[in-house]
Amino acid sequence: MDRTPDTLYLRIADQLAGSIRSGTLARGERIASVRELARQQGVSMATVVQAYRTLEDARLIEARPRSGYFVAGRAGRRPPEPDTTPLPAQSHAVAVSSMGARVFRMAQDPEFVSFGAATPGEALFPHERIRRAVSRAAQRHRASMSHYPLGTGTAELRRAIARQALTMGCQLDLRDILVTNSCLESVSLCLRAVTKPGDVVALESPTYFGFLEILESMHLRALEIPTHPRQGMSVDALSLALDTQPVKAVLAVPTLSNPLGSCMPLAERRRLAQLVAQRGVPLIEDVIYNALCEHDEQRRAVRSYDDTGHVMICGSFSKTVAPGLRVGYVDAGRWSEPVQRLKAVHSGSHTEFLEQAVADLLTQPGTESAYRQLRNTVAARVDEARDIVAESFPRGTRVTDPPGGYILWVELPAGSDSMALFEACLRERICIAPGTMFSTTGRYRHCIRLGLGGRWDDAARAALRRVGELAHRPDVAGGAD
Ligand SMILES: Cc1ncc(COP(=O)(O)O)c(C=O)c1O
């Protein structure tokens, strides 16, 4: 833990934010005055003022003239959350449309307000900190730019990754960590190592459409496992699927799955590790969002329960540290050697000086407080966005309440058509991701995913309200409204 004075206020803000989100401090409740809290915590009043300002920016508390500080009240009604997704009948060949590419194009287009992609916007990252790390790395490691690198990644970065894995309860061996260009590259390499065309891969339902695109490109079949919006993939349903279907790999995001934002309880993570070990099936665990989870214990990876090498852990720094540096990693357990060979064959080697920059960013003081800041900023947006959904979307709409991250899954009333909503939004220069992108089954046509990592200002709030209004239109709501 860094104890520099400039992060003390963030730690205090973080503690209070935790108490507010867990309900320990109720909406509308008065909180300690600046003087009281400074005395309780043994810090200066200036530190408490800064902490309170951070919480005000995050809309978690509000100052009332001459009365003090209060936990901000939630405006409007609280929408219900979706139910567990249905039982799988069979695996499906994957034929995803070009929607992913379309949605991504619009996420980059300044003409659009985009809720389509799950990419974090520039405003969420400390540019100056990243720039300094890159220039330091370019300066210190300039020789690395003119020699051809070989191997699995710089020792500094692999060490930093191993150290970060400790926060997920995992003890990784430096020799088994392979640096990649992204989390998706890590997942692709793992799938390539353990499957062949025509094989069945079990995954969450709904699932990240990037996974479906990979499966399609590798001619793999998807078996969608029922997933609870809070508890994640059902281990019972997976166990049944392993009994009845020729599943060759399981692909899961146990912490803050995309798009549901679910987090598996620790006992289920342990069961999952035991299940795949018993059945000899590899689990490809994507931990890309773990550092964004608000609860420390839920950052624990399934890999931490694995003592047989069946869990292949894949991550990257695209969502948490520096999206533009393109650095990911994998420790493929008992499949480390084939995965390392495949990486060498398919995308060659590494960009050492960028790896040094990421290692620097991961190890310098301030990393923890940068994560905390990121978690608090996105939590405030997600709270606001849920309120807007409650106020503006048709009655009967359900929305997830994830413990971190910036993705919401919105279930419109049955019979609604997210493709019609998508087209109606496009005409108003707003982009959303229709639910059909997240499954091979077509069963999420009445759902949409909202990515809230991008710009979040009054125009974005108004655009989200507008999405809600458009969802009432007869061609979108069908018989639902
Ligand atoms: C679950 C999940 N894994 C991987 C990725 C992609 O990460 P990267 O850019 O590091 O490949 C995303 C991006 O949305 C994601 O949601």
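Just so you know, these numbers use all the heavy atoms, side chains as well, and skip hydrogens, waters and symmetry mates. Note that ligands are numbered from 1 as they come in the structure, with each ligand's atoms numbered from 1 the same way.
In the vicinity of R326, heavy-atom distances shorter than 4.0 Å reach the ligand 1 atoms 8 (P), 9 (O), 10 (O), 11 (O). Near Y289, meaning under 4.0 Å from any of its heavy atoms, are these atoms of ligand 1: 1 (C), 13 (C), 14 (O), 15 (C), 16 (O). Within ligand 1, the atoms closer than 4.0 Å to a non-hydrogen atom of N258 are 14 (O), 15 (C), 16 (O), numbered from 1 in the order shown. Close contacts between ligand 1 and S318 involve ligand atoms 8 (P), 9 (O), 10 (O) [criterion: under 4.0 Å to a heavy atom].
Between E355 and R158 there is no salt bridge, since no side-chain N of the basic residue sits under 4.0 Å from a carboxylate O of the acidic one. We find that D236 and R271 are joined by a salt bridge, their nearest charged nitrogen and carboxylate oxygen being less than 4.0 Å apart. For the pair R386 and D383, the salt-bridge criterion is not met [side-chain N within less than 4.0 Å of a carboxylate O].
Taking the six-membered ring where the residue is Trp, the centroids of W409 and F438 are separated by under 6.0 Å.
At least one test fails for R326 against the ring of F317: distance under 6.0 Å to the centre or angle within 45° of the axis.
Contact between I432 and S418 at its shortest, heavy atoms only, is CD1-O, 4.4 Å. Listed here is the closest heavy atom pair of Y406 and P120: OH-CD, 3.3 Å.
For the pair C183 and ligand 1, the shortest N or O to N or O distance falls below 3.5 Å. At least one N/O-N/O distance between L184 and ligand 1 falls below 3.5 Å. Checking only distances, K319 does come within under 3.5 Å of ligand 1, N or O to N or O.
Remark: minimum distance from atom 2 (C) of ligand 1 to any protein heavy atom is reached at D286 OD2, 3.4 Å. Of all protein heavy atoms, the one closest to atom 7 (O) of ligand 1 is I288 CD1, 3.1 Å.
If you look at S182 next to ligand 1, the close heavy atoms, those under 4.0 Å, come from the backbone and the side chain alike.
For the residue pair S347 and E185, a side-chain donor N or O sits within less than 3.5 Å of a side-chain acceptor on the partner.
In this comparison of Y208, F317, Y329, the heavy atom closest to atom 6 (C) of ligand 1 sits on Y208.
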